[in-house]
Amino acid sequence: MNHLSVDDKLLLADLALSQKYAKELVQSELMEIELGLREAENDRVKKLNDLLVILHKTGY
């Protein structure tokens, strides 16, 4: 199985931000967790919510 390198992950994150998809990705993840389609620890949910606030405030 191939794994993404750190550089690949950073490039993907940059692309998601520059294409304005980051907020949609976070919202989708939170919705799947809320609907029970994906499991997540409370800490991850809090981090995702905090990230969503930051993305909203910064225009992403």
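The first residue in the sequence is number 1, and the count goes up from there. Source: prediction; values computed, not measured. The figures that follow rest on heavy atoms only: side chains count, while hydrogens, waters and symmetry mates do not.
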L55 CG to D50 CG distance, which is reported to the nearest 0.5 Å: 11.0 Å
Please enumerate all residues that pass side chain to side chain donor-acceptor pair (under 3.5 Å) together with D14, with sequence neighbours excluded. none
Joint hydrophobic cluster, L25 plus L48, side-chain heavy atoms closer than 4.5 Å: no
Side chain to side chain donor-acceptor pair (under 3.5 Å) contacts in which one or both residues fall within residues 20-38, not counting sequence neighbours: E29-R38, E29-R44, E32-R38
So which atom in A40 and which in V45 form the shortest heavy-atom distance, rounded to 0.1 Å? CB-CG2, 4.1 Å
If hydrophobic clusters are built by linking Ile, Leu, Val, Met, Phe, Trp and Tyr wherever their side-chain heavy atoms come under 4.5 Å apart, do M31 and L37 end up in the same one? yes
L51 and L17: same hydrophobic cluster, using ILVMFWY side-chain contacts below 4.5 Å? yes
With rounding to the nearest 0.5 angstrom, report the CG to CG distance, L12 to D7. 12.5 Å
